[in-house]
There are 4 protein chains.
Amino acid sequence: MTTSRATSTRYQQQHQRAIAAAASVFAKKGFHGATTQDIANEMGIQQGSLYYYFDSKEAALEEVCLFALRDYLSRMEVLATQPGSITNKLGKAIQSHLASYRTHHEAMKVHNEQRLYLADTRREQLKTLGSRYRELLEQLFSAGVKDGSLNPQLDCRFSARSLIGLCNYWGVMLLRDTRLDIEDIGARCLELTLQGSLPPG
Amino acid sequence: MTTSRATSTRYQQQHQRAIAAAASVFAKKGFHGATTQDIANEMGIQQGSLYYYFDSKEAALEEVCLFALRDYLSRMEVLATQPGSITNKLGKAIQSHLASYRTHHEAMKVHNEQRLYLADTRREQLKTLGSRYRELLEQLFSAGVKDGSLNPQLDCRFSARSLIGLCNYWGVMLLRDTRLDIEDIGARCLELTLQGSLPPG
Amino acid sequence: MTTSRATSTRYQQQHQRAIAAAASVFAKKGFHGATTQDIANEMGIQQGSLYYYFDSKEAALEEVCLFALRDYLSRMEVLATQPGSITNKLGKAIQSHLASYRTHHEAMKVHNEQRLYLADTRREQLKTLGSRYRELLEQLFSAGVKDGSLNPQLDCRFSARSLIGLCNYWGVMLLRDTRLDIEDIGARCLELTLQGSLPPG
Amino acid sequence: MTTSRATSTRYQQQHQRAIAAAASVFAKKGFHGATTQDIANEMGIQQGSLYYYFDSKEAALEEVCLFALRDYLSRMEVLATQPGSITNKLGKAIQSHLASYRTHHEAMKVHNEQRLYLADTRREQLKTLGSRYRELLEQLFSAGVKDGSLNPQLDCRFSARSLIGLCNYWGVMLLRDTRLDIEDIGARCLELTLQGSLPPG
DNA sequence: CATGAATGAGGATTCATTCAT
DNA sequence: AATGAATGAATCCTCATTCAT
């Protein structure tokens, strides 16, 4: 059992490394522009060995996208059920969204920009997870409208999507320019989302 | 000369069609995922004939991106020099930005998502145009701050970029879902940008 | 039109050469043992150029098999409708069968030995043609039984199939050993089929 | 020694299973179309473990062919030395030949169709065994001619080879269609070989 | 005995590009 | 202005084989 467990661990470790390598390469070159050789190089193994961990290049893309979405969504699920003011929760959601661009390597970027190259059958799960995320964010806005902390005129669906668009834009910027500060960007995104650009009062 | 002019006109027409075809194909499949055969099919000519209009596939991408940016920027230049309130101008800028997603076929999308696959030398002009656009938008915000119509605390650079991110997000949505109404989306984007989500007053 | 016709002829010529090259290589090395490089070499073109004439290696196999069966069957159709004694027709059928091994390069051998590697969808037409051939041969035997020139006890289906097996065996031998004489082998096959091995009387 | 013997027995059992598995897979997919993974799957072991029983894939093919030929030939040797009429012996030879297609799994088919993919050095022994088989069969015909039970005009070499071709054809049919009855097919083959198709007398 | 992991060479296929016509 | 034919390099993927454990 020790052997089996150790083996299994070894495989899982390498599998994780493969996902990370694929994420990095896909983020830089795009799915079609990346080669399996690139990914293997990034991992330090032979090209053929990659197929020990992925069934195909497309399967690799799917795994990268799922990897990105899963933890991103799970943090949102946790956040949604915890107590706190809506504006506070929104701030945390933004921070979490931006943070996943840095902590998950480039998987989030890959998900946003490359997922459409997946065959429909491979995208189903992704769609489910993505919808769920949008839903949770929309519910946050709805709750804010209901408890009076947000504008009653708000189109919550539009707001949620706009916030996702905004975070994705800055998330990519965070990847491109490492000097940018996540907390700073997050704070500004929250401010923009809440107060807009008009003078106060 | 008449012949040459006629020829040239015919050539220019076909050239424009080639750019449009390339834009459409690149938007759907990405630069690396698209083949010159795809573009030729879209135009209804033979693969080899494409090289009469483009020096290379990469040159095609460059032309598509330039095509997108040029007119997009020129409308912004005009807008910037015209009289009117800042908020009014912002609204027009947003409308113009979103509109280019529909009127320029998919060239804008291609510019946003695929331009990084161009070699650096090919991207210089694009960078110049893009910077100029961001600058103009930023100046709009600055002017608003100066004349008191926008919040004096505003980070204009951040705001301009956020607005670009927001418009690009919705621009892609406009392409993906043709039922969405440009004017409606534009109005909402302006509202969000100006007032945020908090209750008025 | 002249150009178009000439071009079309050029293509058809090369296409035929490609089929012959594929037949030769598949006969020698088997479908899976042969490489597209082998076929290209046999034709004297580049490996990639082969795909101008075949959609895939499997399509090449299909074309080879069809090429073999079509003419083989058509000669049988002609033969069946012509006048003459049954034994005379049987002799001609045998000669025709054996001859196709030499005149059609190795396509017949490929059909017999490699056709099962084709996907089912690709084999349908082949099955139809093959069945038709067996049918025609069987009808020859039936006619012989009916007109009294063959043994009334004969199982025509078994006889027709056995004759095919016999001819295929010797057809392959003809390919392997070019010193063998087609007419001689054909005559002996006919004799065996008609008289067996027992002493006359 | 006991251990070693036990080990050896276990090894021999597995070795036999490996040959049977290889025969089955080679028969279905051909030598080049089959993978070592296929064979391992058929045996229920890991791909790498196969190399405990075979030095290489080609060695596996050799063993399968030898396995098929050895017993097939030995039965023929026995048959040749036993008393009985020629026609009776021929009948038994045919039955034995056909039977080996069913009892030796698919090894006979593999021998007939795939042995040419073996390197020459590996085929020597097979050639010897095959020649010996043909020789024995030819001698059977010769003896028949000599003792007057067969047609004195008979080309015994041709007859022996034709019978082999006939039996191999029906042997493969027996594999493909398990509803066919060996004894029935054997009887018909004998009848055809002896009497041909002409009416008696 | 057996396996999991890795290799690396080979193979089918694609595709941007060229060019004679 | 356009095309058909060809190229050849690149790329994804497979697979026989090895080997430490």
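The salt bridge (Lys or Arg N to Asp or Glu O under 4.0 Å) contacts involving residues 16-25 of chain D comprise nothing, where partners must be two or more places apart or lie in separate chains. A salt bridge (Lys or Arg N to Asp or Glu O under 4.0 Å) check over residues 47-56 of chain D, counting only residues at least two apart or in different chains, returns nothing. Evaluation of the salt bridge (Lys or Arg N to Asp or Glu O under 4.0 Å) test over residues 19-29 of chain C, restricted to residues two or more places apart or in two chains, returns C/K29-C/D38.
Take A/E42 and apply the side-chain hydrogen bond (donor to acceptor under 3.5 Å, both in side chains) test, not counting sequence neighbours, and it matches A/S24. Qualifying side-chain hydrogen bond (donor to acceptor under 3.5 Å, both in side chains) partners for D/E62, counting only residues two or more places apart in sequence or in other chains: D/R122. Every residue two or more places apart in sequence or in another chain that forms a side-chain hydrogen bond (donor to acceptor under 3.5 Å, both in side chains) with B/D71 is listed here: B/R75, B/H104. With sequence neighbours excluded, no residue forms a ring pair (Phe, Tyr, Trp, His ring centres under 6.0 Å) with B/F54. With sequence neighbours excluded, no residue satisfies side-chain hydrogen bond (donor to acceptor under 3.5 Å, both in side chains) with B/R70. For B/Y51, there are no ring pair (Phe, Tyr, Trp, His ring centres under 6.0 Å) partners two or more places apart in sequence or in a different chain.
Applying the 4.0 Å criterion to OP1 and OP2 of E/dT7, one finds that A/S49 has a side-chain N or O inside that range. Taking side-chain N and O atoms only, C/Y52 has a distance below 4.0 Å to OP1 or OP2 of F/dA5. Between D/Q46 and E/dA2 there is no side-chain polar atom (N or O) within less than 4.0 angstrom of OP1 or OP2. For A/R10, no side-chain nitrogen or oxygen approaches OP1 or OP2 of F/dA20 to under 4.0 Å. OP1 or OP2 of E/dA2 lies within a sub-4.0 Å distance of a side-chain N or O belonging to D/Y53.
Remark: the D/H15 side chain and the D/E63 side chain contain an N/O donor-acceptor pair separated by less than 3.5 Å.
Taking atom OH on B/Y117 and atom P on E/dA16, their separation rounds to 15 Å, with Å as the unit. The nearest whole Å value for the distance from the CD1 atom in B/I45 to the C1' atom in F/dG4 is 14 Å. The interatomic distance linking C/Q14 (CD) with F/dA5 (C1') rounds to 9 Å, in whole Å. As a whole-Å value, the separation of B/H15 NE2 from F/dA1 P is 12 Å. Going from atom CG of A/L50 over to atom C1' of E/dT7 covers 13 Å, rounded to whole Å.
At a threshold of 4.5 Å between non-hydrogen side-chain atoms, the residues B/E106 and B/V64 do not count as touching.
Across residues 16-43 of chain D, D/A34, D/T35, D/T36 each have a non-hydrogen atom less than 4.0 Å from an atom of DNA chain F (numbered order). Non-hydrogen atoms lying under 4.0 Å from DNA chain F are contributed by nothing in residues 54-64 of chain C.
Comparing C/Q47 and D/G44 along DNA chain E, the residue whose closest nucleotide (by nearest heavy atom) sits nearer the 5' end is D/G44.
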* Asked: Which dot-bracket string fits DNA chain E when only Watson-Crick or G-U wobble pairs with both atom distances under 3.5 Å count, crossing pairs get [ ], and | stands for a partner on a different strand?
  -> .||||||||||||||||||||
